[in-house]
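Every number for a ligand or one of its atoms is a count from 1 in the order of the listing.
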Amino acid sequence: MRIPRSLVAIVAALVFTAAPFVAQGQAATSHTSTSAATSEQNWWKNAVFYEIYPRSFQDSNGDGIGDLNGITSRLDYLKSLGINAIWLTPIYPSPQVDFGYDISDYEAIDPQYGTMADFDHLIAEANKRHIRVLMDMVMNHTSDQHQWFIQSRSSRNNPYRDWYMWHDGKGETATSKGEPPNNWQSLFGHSAWQWDPKTRQYYYHRFYIQQPDLNWNNPKVRQAFKDILAFWLKRGVGGFRFDAITALFEDPQLRNDDVVKDKNGKPIINAFGDSQLDSKFTDNLPEVHDVMAEMRAFTNTFDSNHFPGSRVLIGETYLPNIAELRKQYGSAANPEFQLPMDTQIGFINKLDVATFRNRIDDAETKLDGQVPLIVFDNHDNPRIDARYGDGVHNTAIERVIATILFASRGASLFYNGDEIGMKTTPPTRKQDVKDPVGITGWPKNKGRDGERTPMQWSDAPNAGFSSPGVKTWLPIPPSYTTVNVAAEEHNKNSMLDWYKTLIHLKQSVPALEIGKETMLATSSNTVLSWQRTAPGEPAVVVAVNFTASPQKVDLSAAGSKAETLLKSPEGVDPASLQHVELKPFGVYIGQVKP
Ligand code: NOJ
């Protein structure tokens with residue numbers, strides 16, 4: 001791979017002109033930028049977001065668990081990647097049943113991760129490096145140890161009773177709890193209803209029993225979350241990622257979800273042994289749009305002069321199609337998310353050219369010009385190797401995925417460790433499983449430990465994640481001796497270098513920054529290719545081979561010749577765009593010559 005000298009200069013210039021921004025309470029610094037897409041107000045439009053799973057990122061105090069000071073100590077590394085923002089999965093006080101997604105206090109820091117002073121320090125240090133910090137906002141449910149729920153379950157007359165979803169069972173008698181109100185299921189297995197003997201009613205939980213769902217029809221719940229947003233916005237966060245947002249509302253009539261059947265009409269049984277349900281009455285109900293419009297309007301009032309640019313709202317939006325994704329942006333009058341995640345593309349989980357082409361094209365043509373947030377990976381899914389790899393060309397395939405992630409139009413989000421090619425490493429024995437999903441679902445569903453293993457910084461004992469000799473909360477995968485940041489930082493052919501190069505291209509080549517995207521060679525079922533074009537700028541062509549054999553593709557619709565911006569390590573520079581040759585799972589990116 002290589003980058004033209006002129007490009008290196010542009011990248012360097014961008015790095016050095018980036019002025020730090022400041023948190024609430026300080027005067028805002030002005031920031032000069034090269035294009036509309038990178039201006040402060042619109043900083044998120046072509047941004048690169050980096051998901052950090054704090055528990056597994058960097059341990060600074062030798063307890064085997066990552067923490068905030070650990071993240072702060074790695075900010076220079078994050079800066080060197082070229083990212084614009086980090087999203088931290090939950091760091092609030094929590095019993096850690098769902099490793100932070102069961103929150104018992106939304107306005108504090110879990111002592112496992114540090115203190116509020118450590119958090120403020122992280123924000124200040126991140127700001128100095130022009131990196132925004134986004135928090136995870138879990139509004140669907142709390143921990144059962146949250147004071148709201150402790151109050152709520154204490155009596156039917158408690159003022160917090162209707163903050164949660166309590167219902168009578170069916171056929172209940174003085175001596176029997178009867179049956180749950182309906183067939184709704186937890187995504188983590190079995191009935192979503194939990195009988196609470198003290199007040200003799202069931203409460204609803206979309207996730208673990210220890211994660212009771214809040215009642216979003218209660219205006220007090222809405223107000224409580226606005227107060228929580230304000231608390232963090234005032235501390236200078238750059239926005240939020242809204243967890244499980246499509247699960248906020250359920251059918252008030254409590255109608256049963258339908259059982260999903262296979263093509264022979266037989267019910268599909270999931271890894272937990274339950275019939276698969278369609279979630280028609282438990283997911284993606286329209287009321288969520290009102291809530292998000294309200295939260296966005298509220299958040300916008302914090303833009304002001306205390307923070308340069310918009311705070312950004314990201315949605316965890318697994319949706320069935322592009323039309324549903326479009327709705328998550330809201331309207332011009334009532335905007336909702338700036339960046340609902342486009343899981344349509346990243347979770348195809350199969351290198352099928354036609355499907356990728358259609359879905360990327362959908363993001364270009366069916367979102368009314370809104371910015372897609374492309375994402376392939378997170379702490380809930382096996383990593384890229386396990387979902388897209390063929391076991392032989394995994395590294396090349398990871399390069400293909402990264403190319404789609406960064407060279408497509410939109411913002412990009414990736415998960416810590418992907419940039420070094422970390423592999424999914426699931427537990428091999430049930431007794432080692434930490435994620436309760438893996439215990440309930442064993443062995444069909446081994447849970448999410450495999451994608452949450454500690455970050456591999458070096459080949460030192462404990463991979464530089466924690467002190468030598470410490471028992472880390474999840475084991476360090478054996479691959480750490482070769483797959484690690486230190487080794488890859490000095491290797492021009494490493495995955496880390498591939499990521500850095502793509503990010504720099506995305507943020508410095510105008511057509512890749514702001515250009516519209518048009519598919520090329522659309523009859524090919526082996527090569528996915530497209531061009532990015534911006535007025536007055538040279539076009540850029542991108543081609544990725546989705547097969548294990550060499551392929552040729554004709555990109556001449558974009559021009560006759562190109563200067564190579566990036567290619568697979570073993571790739572060749574094409575003499576003409578009519579004959580672009582790609583090695584197995586090879587990649588080519590070129591800037592079209594006038
Ligand atoms: C989605 C989060 O990413 C996942 O880790 C969590 O278990 C569920 N939401 C419930 O909060």
Below 4.0 angstrom from a heavy atom of [X], which ligand 1 atoms are there? Numbered from 1 as shown, please.
X	answer
His141	10 (C), 11 (O)
Arg452	5 (O)
Phe188	7 (O)
Arg448	4 (C), 5 (O), 6 (C), 7 (O)

Shortest protein heavy-atom distance from [atom], along with the residue and atom involved:
atom	value
atom 11 (O) of ligand 1	Asp243 OD2, 2.8 Å
atom 6 (C) of ligand 1	Asp98 OD2, 3.3 Å
atom 5 (O) of ligand 1	Asp380 OD1, 2.7 Å

Given the ring of [Y], does [X] sit roughly above its face, with NZ or CZ under 6.0 Å from the centre of the six-membered ring and within 45° of the axis?
X	Y	answer
Arg161	Trp166	yes
Lys446	Trp442	yes
Arg74	Trp457	yes

Just by distance, do the side chain of Glu125 and the backbone of Thr72 share a donor-acceptor pair under 3.5 Å?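 Such a contact is absent between Glu125 side chain and Thr72 backbone.
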Quick one: does Phe99 get a heavy atom under 4.0 Å from ligand 1? no
Would you mind telling me if ligand 1 is within reach of the side chain of Tyr208, the backbone, both or neither, using heavy atoms under 4.0 Å?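 Neither part.
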Location of contacts on Met139 toward ligand 1, heavy atoms closer than 4.0 Å: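 For Met139, there is no contact with ligand 1 at all, from either part.
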Between the side chains of [Y] and [X], is the shortest nitrogen-to-carboxylate-oxygen separation below 4.0 Å, so that they form an ion pair?
X	Y	result
Arg448	Asp98	yes
Lys226	Glu294	yes
Lys261	Asp278	no

